[in-house]
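Below, read A as the first sequence line, B as the second, and so on, with proteins coming before strands; counting in each chain starts at 1.
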Amino acid sequence: MRMRTIEIGVGAFLLAGIAALIVLALNVSGLNLSEQVKGYKIYARFENVGGLTPRAKVAMSGVQIGRVTAIRIDPRMLMAEVEMEIFDDVDYLTTDSSASILTSGLLGEQYIGIVPGADEEMLAEGDYIQDTQSALVLEELIGKFLFNKVGE
Amino acid sequence: MKPESDAIIDIRGLSFARGNRPIFAGVEIKIPRGKVTAIMGPSGTGKTTLLKLIGGQLRPDRGDILLDGLNIPTLGRRELFEVRERMGMLFQSGALFTDMDVFENVAFPLRVHTDLPEEMIRDIVLMKLQAVGLRGARALMPSELSGGMARRVALARAISLDPDIVLYDEPFTGQDPIAMGVLVNLIRRLNQALGHTSIIVSHDIKETLAIADYVYILSDAEVIASGTPKELEGVDSDKVRQFMQGLPDGPVPFHYQAPDYMEDLLGEVS
Amino acid sequence: MISNMLQRIGHRALSRLASLGRSGQLLFQALVARPQPLVMLPLLIKQLWFVGVLSLVIIVVSGGFIGMVLGLQGYTILVDYGSEQAVGQLVALSLARELAPVVTALLFAGRAGSALTAEIGLMKATEQLAGLEMIGVDPLRRIIAPRFWAGFICMPILTMIFTVVGIWGGALVAVDWLGIYDGSFWASMQQAVSFYDDIVNGIIKSICFGLVVTWIAVFQGYDCIPTSEGISQATTRTVVYSSLAVLGLDFVLTALMFGEL
């Protein structure tokens, strides 16, 4: 009988461990098991990507429509090139959409916000977004501000 | 009574040293089959070490320990396992496994060495416990036993496989008179009833000599006397006499080495 | 005089080296020595109970309080920057990467490690280990190996439970008491915590700690001087050496895992 209590206890302990692992995987780290692929890739070039990192979200009107998969330097244009994976069911991004690097909150993460345009054609696999807005660099802002002030 | 006639254990030229201290230097001991042999001597002479050497837990530096022809220090794991089936050891502290009750402790060697069905194991365990008078205590845990009872359970465990040799490590030390009487009686009776060879390591003269058939006395790394208890009484050796009679002063001196007494008392404060 | 001191230092160093060698031998024989699954399993289960289940209370309580303190302190500091929603991220990352593996290992060394050392040391002192040998059972296989595997298995489980309880504690403080919007608490956490980089690395750390702490605890017990003083010395050594080893190993592992970040 003592042995049975022990066995039950150990079994519960191991189950608790597995449950903890699952909670950590799904709730804490947001591991997405199903959503591994199912997307198409589009690209955008920026002068300055600021603090954007891979796996940052790509959002439209604040709603996530994909994620950043890679950030590289384009050696021909000498600009940063961001590769994004957009969910397959988001097929309404026009070819004249604009992409900007925005920040959520003051210390928050940087993400890419997409504003669709008015074109008839939609973006497809491998397309480039032409209208881009780089990340705001604090020093440039201050420089601009001071310059304007001096001008007054 | 000549032990050479049938020695179940033959120890030849045994030498063993711990660090710089020699514990045994060329010791020769023959243990006669089926009898009670006592190995005695002042404390610290390595009597327990001898049992460990016989049991294969320690390896001698030199010499042979022959058990029916098998040289114990040279045996491999498999063979040592089989030889240990023929030996039972009663440790000084009982050494019962504290996480099992009395029944499981006595059953342990049976479970390890045999494939007997549960009913047979139960019968054997009950018989062994009956032999030591503790069949009613079979459900107790070792922590609930008195010292004397724990030793009796350990004895039951030591004989559970009906070994050919039973080794007793200081069985009488620290026991009250009744427990001591029980143990002395048990060791003798079991030896006669089961026909095994008993080797008792002890320094309790009175109890040991009462049941021993043959005695070896060890001191300073060698055997200083051997014989039946009667033969030993007449031995002409200061060391033996001091040990046997419990004399406070003799070859083992009373005073620890010290400078001259008068000088010490009258001398300057250093 | 100097030569005396040098001799003592040399002797001490050599004896430490010798005991390290003995501990390596113990590790090898306990792990590699032909295991008998049928016999081992009930022994292992019993040890999982003593080593793991009985440590749960201290782990859960510590995890809860540490998580709550993290939430509180984190909020107090971040609120000045208007970034209090990042508390979730702060609590989760600190716990998963560092605090859970290290604190769990330290608590484990103190509770289960010292218990293992004392138990094995006592078995040595009461000649139970010698008794097992005389009956023909290898004490390494029967006593040491199950305890070793139990410690090794329990550590990651306890660490994960610590992390979860800690995050829950942090959530309790941040969301329920300090009024952070729970959506942003969990969302910022999920954004910032990467399963492979943070959670799995934390688990790998805890496995390494489990190996080291259990190894030290078991060896100190097996190697101790079998007197009551010897056992108490061995227990102290277990706690001290384990703690130092965990902290040192943590630095090395952190540098390896998170160094580039």
**Prompt:** Nearest heavy-atom pair of B:Thr208 and B:Ser202: which atoms, and what distance?
**Reply:** OG1-OG, 3.3 Å
**Message:** For C:Leu132, which atoms come within 4.5 Å of any heavy atom of chain B: side chain, backbone, both, or neither?
**Reply:** both
**Asked** Taking atom types as modelled, is there a side-chain donor on C:Thr126 or C:Gln128 under 3.5 Å from an acceptor on the other?
**Response** yes
**Message:** For the interface with chain C, which of B:Val112, B:Leu167, B:Thr98, B:Leu90 has the highest count of heavy-atom pairs at distances below 4.5 Å?
**Reply:** B:Thr98
**Asked** In terms of ring plane angle, is the pair C:Trp149 and C:Phe152 parallel, tilted or perpendicular, where the classes change at 30° and 60°?
**Response** perpendicular
**Asked** With distance as the sole criterion, is a donor-acceptor pair present between the side chains of C:Thr117 and C:Gln220 under 3.5 Å?
**Response** no
**Asked** For chain C, which residues from residues 61-75 of chain B have at least one heavy atom closer than 4.5 Å to it?
**Response** none
**CZ/B:Arg111: more than 12 non-hydrogen atoms of other groups inside 6.0 Å** = yes
**Item:** B:Phe97 six-ring centre to B:Arg157 NZ/CZ under 6.0 Å and within 45° of normal
**Value:** yes
**Item:** Part of B:Gln92 within contact of chain C (heavy atom distance under 4.5 Å)
**Value:** both
**Minimum-distance pair of heavy atoms, taken over all atoms of C:Lys205 and C:Thr254** = NZ-OG1, 3.0 Å
